[in-house]
Amino acid sequence: MSKSLFTKLSHLGTAPCDEQHPRAPVALPAIRTSTVRFNTIHDLYDTYKRQSSGERIVGYGRMGMDTHAAFEEIMCELEGGQRAFLAPSGLNAIAMVLLSFLSAGDHMLVADCVYGPVRQMDKTVLQRMNIESTFCSMRNADEIEAQIKPNTKVLYIESPGSLLFEMLDLPSIAAIAKKHNILLVTDNTWGSGIAYRPLELGADISVVAVTKYIGGHSDLLMGAVVAKDEKVIKTLDINQYALGFSTSADDVWLAIRGVRTIDVRMKRHAENALKVCEFFDQQPETLQIFHPAYEKDSHHALWKRDALGSNGMMSVALNFTPEQTKVFVETLELFSIGYSWGGYESLVDMVDVSFLKNHAYWNASYPSLVRLHIGLESVEDLIADLSQALDKARHHKV
Ligand SMILES: *Cc1c(COP(=O)(O)O)cnc(C)c1O
């Protein structure tokens, strides 16, 4: 019987209950251990041998035991991959991938809409290691082809992007990557396996900040790297080990708890966000709404073709001065001011528009951008809050 992903998300990674274990907990315990005991020296050597040949077998605590293995299995199911590797944060997971596949003298082509700190990684770490990166919009095949060099080893993208949620044509980008024998890596924090599945659209590696929708409760930091190809998996396996990435069993336990409800949470976030889009559409200050599931978003057709769902992330360009935008953001009562997203609660961030100058999709004539994470609260309450704050900003005298 082939089961739906949502059924599997309720059953994967539970403790066995059989003749040998006639009573079992429903929730798998968090197995905290720094090291592992072996019955005999033969078992220790055998473990080492099997581990060296790529088997996911535990010889030391850093790799994690049953709790970690259960969550890795769930991540593979979510993303449609064969192996998942965990890291202590989403940004660490990105670092794991880039340090595994790039060497001195290599070049990487990066979408200009990627998560901001990736630019920091380029400036601070990769450039120092003589790894060159070129940022481009990745929305045009000719532009991508023109930027590829003989030493381009990685195409690194994020779809939809982190601030304007523009969709990239992932299958077309995958075809270009394949033609030039370049690894296609994508940040799938937005989709988290529920709303978007890049490995099925042709990506080689999907990186997910578990911190966001998978954790779902703003109480943990974690990243996951999911791959499907044997050679790619082998490279990740030896590099993850060599670099010593490790995650706490308690955090993994929380991530498993989060993932059990990701489907219903994402649906509610998405439903609420669409209603907030409709609200902003009726406001005179709204210049553009950025949310691909909204039918007026210019990437809606691509979203419809490639995505399976949506979430609570959206941005709005407002015809407000920076001062008025600040009044709007600070007057909100139900939206906390802050980074991050994917938790149960609503968040707001006033984006520094000077940062968007690197973004080909941004219309530089817009004076302000507000990014919202629409939480699980009653959407009527959220809209009433947005309405009172817009009103206050509207009447703010400069
Ligand atoms: C938050 C985020 C990350 C980084 O995750 P952390 O766990 O905070 O390091 C990476 N990519 C995207 C798109 C994110 O939103």
Side-chain angles (χ1 to χ4, degrees), residues 71 75 78-79 84-99 110-122 124-125 135 138 154 156-168 170 185-198 203 205-226 243 245-248 250-252 254-255 258-259 262 265-266 269 273 290-292 307 310-315 336 338-343 345-349 351 355-356 358-359 361 369 371-375:
F71 183 57
M75 282 309 301
L78 258 183
E79 290 284 329
F85 300 90
L86 304 182
S89 75
L91 191 57
N92 256 185
I94 297 169
M96 186 203 301
V97 174
L98 301 186
L99 294 178
V110 188
D112 66 3
C113 60
V114 298
Y115 181 63
V118 173
R119 289 177 189 265
Q120 223 58 45
M121 201 181 293
D122 162 46
T124 311
V125 183
F135 289 80
M138 299 258 190
V154 169
Y156 182 85
I157 65 170
E158 185 177 328
S159 175
S162 256
L163 294 173
L164 304 174
F165 308 104
E166 63 269 54
M167 301 281 302
L168 297 177
L170 210 157
V185 181
T186 175
D187 182 329
N188 192 34
T189 302
W190 184 93
S192 287
I194 292 286
Y196 196 56
R197 291 165 69 88
I205 294 181
S206 184
V207 182
V208 182
V210 172
T211 309
K212 308 291 168 57
Y213 280 111
I214 293 176
H217 297 76
S218 304
D219 52 9
L220 70 99
L221 284 150
M222 194 185 300
V225 175
V226 190
L243 290 164
F245 288 100
S246 155
T247 48
S248 113
D250 292 328
D251 286 345
V252 172
L254 280 173
V259 86
I262 188 173
R265 286 186 286 107
M266 288 278 259
H269 284 292
F290 301 92
H291 182 77
S310 178
N311 63 27
M313 289 309 293
M314 60 180 290
S315 289
S336 304
Y339 295 123
S340 196
W341 37 283
E345 80 290 11
S346 289
L347 288 167
V348 61
D349 177 23
V351 179
F355 184 74
L356 288 158
N358 294 321
H359 238 84
Y361 185 50
L369 185 78
R371 187 175 82 166
L372 297 161
H373 175 244
I374 309 300

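Ligands are counted one by one from 1 in listed order, and the atoms in each one are counted from 1 as well.
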**Item:** Donor-acceptor contact below 3.5 Å, side chain Arg371 vs main chain Leu164
**Value:** no
**Asked** Side chain of Arg197, backbone of Gly191: donor and acceptor closer than 3.5 Å?
**Response** no
Give me the pairs of N or O atoms, one from ligand 1 and one from the protein, that sit under 3.5 Å apart.
{"unit_1": "ligand 1", "atom_1": "7 (O)", "unit_2": "Gly90", "atom_2": "N", "d": "2.7"}
{"unit_1": "ligand 1", "atom_1": "7 (O)", "unit_2": "Thr211", "atom_2": "OG1", "d": "2.5"}
{"unit_1": "ligand 1", "atom_1": "9 (O)", "unit_2": "Gly90", "atom_2": "N", "d": "3.1"}
{"unit_1": "ligand 1", "atom_1": "9 (O)", "unit_2": "Leu91", "atom_2": "N", "d": "2.9"}
{"unit_1": "ligand 1", "atom_1": "11 (N)", "unit_2": "Asp187", "atom_2": "OD2", "d": "2.6"}
{"unit_1": "ligand 1", "atom_1": "15 (O)", "unit_2": "Lys212", "atom_2": "NZ", "d": "2.6"}
{"unit_1": "ligand 1", "atom_1": "15 (O)", "unit_2": "Trp341", "atom_2": "NE1", "d": "3.4"}

**Message:** Any side-chain to backbone donor/acceptor pair from Ser162 onto Val114? Under 3.5 Å, distance only.
**Reply:** no
**Heavy-atom donor-acceptor pair, His291 side chain to Phe165 backbone, under 3.5 Å** = no
**Request:** For the pair Ser336 and Glu345, evaluate side chain to side chain donor-acceptor pair (under 3.5 Å) and give the outcome as yes or no after the intermediate values.
**Result:** CA-CA 8 Å; Ser336 304; Glu345 80 290 11; over 6 Å; no
**Message:** I want to know whether His373 and Tyr213 have ring centres closer than 6.0 Å.
**Reply:** yes
